[in-house]
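Contents: one structure, followed by commentary.
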Amino acid sequence: MRKGLEALTQQRLLIVTGKGGTGKTTVAAALGMLAARQGLDTVVIEVGDTSLLPRLLCKDHESLEEDGGRSPVQVAPHLFTLRIVPEVALTEYLELQLKVRRIVRLVIRNQGFRRLLDAAPGWRALITLGKLWYLQSQMDSGRPRWPLLIVDGPATGHGLSFLSVPNVVLDTVRIGPLRRQTNRVQELLNDASRTLVLPVTLPEELPVSETLELCERVRELGMTLGPVIANAVEPAPDLANLEPILAHIARLSAPPADSALLTPEVLRKCLDYQRRRSELQRGFLETLEQEAGPAILPLPYLARAIDSPETLSPLADALATALADWGESS
Amino acid sequence: MSTRPWLEHEILVTVGTGGVGKTTVAAAIGLEAARRGKRVLVLTIDPARRLADALGVGELGHEPRTVPRKVLRAAGIKGDGELVAMMLDTKRTFDELVSRYSPDQESLERILANPIYQNLTDALAGSREYSAMEKLHQLHSTGEYDLIVLDTPPSTHALDFLDAPRRLTGFLESDFLKLMFAPAIAMGRTGFRIFRFGSATVLRVMETLTGLGFLRAISDFLLAFESMLEGFTTRAREVEALLRDPICGFVLVVGPDPGQARRAEDFWARLQQERTHLLGLVVNRVRSWPGDEDAPELGEADAEHVTRWLAKGLAEQGSVFDPERAAREVVETLVRQASLARRDAEVCARLIKALGVPPETLHQIPLFSEDVHALDGLRCMGAYLFEDGGHA
């Protein structure tokens, strides 16, 4: 298996998923930023009902012009965003299938059809996956128009039913165009050379145990896992001789007057706290390493709120470093 | 805002976005109630395997598990209090519901065998939240517990679970299901009557696109639910009333991240609109500054100054290591911790202001540097919530 950034950028579809609150969206955006820096036309896609990506990836996101969620919108060189709205994707799909707009309008506006849509589970996931398939199939002068799609997927619970919808349809529908098209979606998802699932987690108990379950489920679904991204890893004070240093600090004379708060006691407590935090996290990371299967890419805890390309950039740099380390690992 | 002490409720609901430690807070509340001699059930949604280990109940599952008395004793909890834990299983709860409300055996078998039901219960609008509420109602009405602590499913959006009963019954209630599908099935035909859609074209189009198998599975699924509508609606109304009863209190759990704090404001407003009884706000994983003073603001010049002072001190001690490098590492850690402590304090202060609540409504729990999932850790967390004699 290839490693490093290249292992990800040679894929066509990266599905970023994980427990809520782990930073999926920022990781997906940082990955997009990184791929675009390589000159690869990259689309970062969100599927929920919030639109966070343009703000994260575009310097001037307020002046962006959208076309109602049909095609990717350019936000930076080689970088595009798209929010897939199931209702819009469905209209688009029907237009492609039926070719006559009048009939599409007739279907879409039909009361019975609308109510069926309100009630029927699963179609939103299916049409969203269908749209992803369509985007990756679009060609431009003999080359894929969108060589890399990065999806900021739903949180784990929903994420798994999201990815299992094609299986359900294939179990239920034996014949017809829906089966044919779902089959193609399923082939894309299960093709290790095109699609990877990237779990994002935190080095904490519940996120780690949920990630282990996620990894197992992804394999059961016949999909391939990329590296697991462990977000918000705290620095381990890199002090080869921490104990003697602490001892020295305890023996130091009073700090300079303008730093009256920085007593040896405070220094000692800070260091000790940070060391224990990082040890605690290391324990969870080790569990993850031993049980998850794929490689673990640690990303540092960044204190600054991420809400713009400028604040996202340090995360992208950290991701580049983690990917490079992975690439060089044996 | 309700002023009734937390533990004098029959139900406490912890709500919040994902990844803020709701489950742990719920467990800490439960443990404290048990310590005071109550019989408590903690109903959790998260697959909290290690939490189960810490409680000494083996694997948590759909059946209530009592924490062994000797485990409680070992954690210094005396008296007759009992702590029971249980993990919600959406599918199992739905199976129970379906069994209860199915009008006859045939309907029951039909829905249980339906592939859409089997695989997509999770994807059904609000099903996770609905089953949590259903289970809560069911357990509360047994009267077996003095207190039930419900750890709700994380939701990004204001309170999905408050809407869940309405959302689920909303689609079941529309009589279009009956109109659309029932006659065809009653007549023993496959497929449905074209005129029900009001347009032959629409149905033909749908048939062409999906194939009949799929439409049939969906119609069966919806029909089966339709037959249980009355049971579901009655129960949904009871649950809604229960959630607004003064015996049921809500605790909002948030992380100190500025983004999460903004979402917490929305949550709070929604809870108020919904006329629930709000008890307070728990800010979990707050970083603090050791010492009595507030965290200092350390600029680059300050950091440089302290680094030099420390390097000099270390050099004078005749260390075996590089004093410059060691001093830099130490000061980096220090600056980082000070800035995080300042950020967290600001977030808390802003929350109090934005929500317009008295400061004592906000309970801070520090970011522990030990694993909080041992019972001792939960006790420690509980102490931050209940230190003023249970008036958390």
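To find a chain, count down the sequence lines: A is the first, B the second, and so on, and within it residues start at 1. As the structure is a computational prediction, the values presented were derived from the model and not from experiment.
Side chain of A/Arg277 to backbone of B/Phe368: a donor-acceptor contact under 3.5 angstrom is found.
Interatomic distance, A/Tyr273 OH to B/Leu367 CG, rounded to the nearest 0.5 Å: 3.5 Å. Atom CG of B/Asp257 sits about 9.5 Å away from atom CD1 of A/Ile306, to the nearest 0.5 Å. Here B/Thr24 contributes atom OG1 and A/Glu205 contributes atom CD; the two are 7.0 Å apart, rounded to the nearest 0.5 Å.
Counting only heavy atoms from C-beta outward, the side chains of A/Leu267 and B/Thr333 never approach each other to under 4.5 Å.
Heavy-atom pairs under 4.5 Å with chain B were tallied for A/Pro235, A/Pro207, A/Ser278; the largest tally goes to A/Pro235.
Residue A/Cys270 comes nearest to B/Leu334 through the heavy atom pair SG-CD1, 3.7 Å, listed as atom of the first residue, atom of the second, then distance.
Looking at B/Arg308, neither its backbone nor its side chain comes within 4.5 Å of chain A, counting heavy atoms on both sides. For a residue to count as touching a neighbouring chain, one of its non-hydrogen atoms must lie under 4.5 Å from one of that chain's; by this rule A/Glu204 touches chain B with the side chain only.
Taking the charged nitrogens against the carboxylate oxygens, A/Glu234 and B/Arg287 do have a contact shorter than 4.0 Å, which makes a salt bridge.
The environment of CZ in A/Arg55 is sparse: at most 12 heavy-atom neighbours from other residues, nucleotides or ligands sit within 6.0 Å. In A/Gln97, the CD atom is crowded: over 12 heavy atoms of neighbouring residues, nucleotides or ligands sit closer than 6.0 Å. Other residues, nucleotides and ligands contribute at most 12 non-hydrogen atoms within 6.0 Å of the CD atom of B/Glu324. Counting non-hydrogen atoms of neighbouring residues, nucleotides and ligands closer than 6.0 angstrom, the CZ atom of A/Arg109 reaches no more than 12 such neighbours.
Remark: B/Ser369 pairs with A/Arg276 by the side chain to side chain donor-acceptor pair (under 3.5 Å) rule, at least two apart or across chains.
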query = Hey, mind stepping through B/Arg336 and A/Gln274 against side-chain contact (heavy atoms from CB on, under 4.5 Å) and telling me if it holds?
reply = CA-CA 10 Å; B/Arg336 186 171 172 279; A/Gln274 191 52 49; 3.2 Å; yes

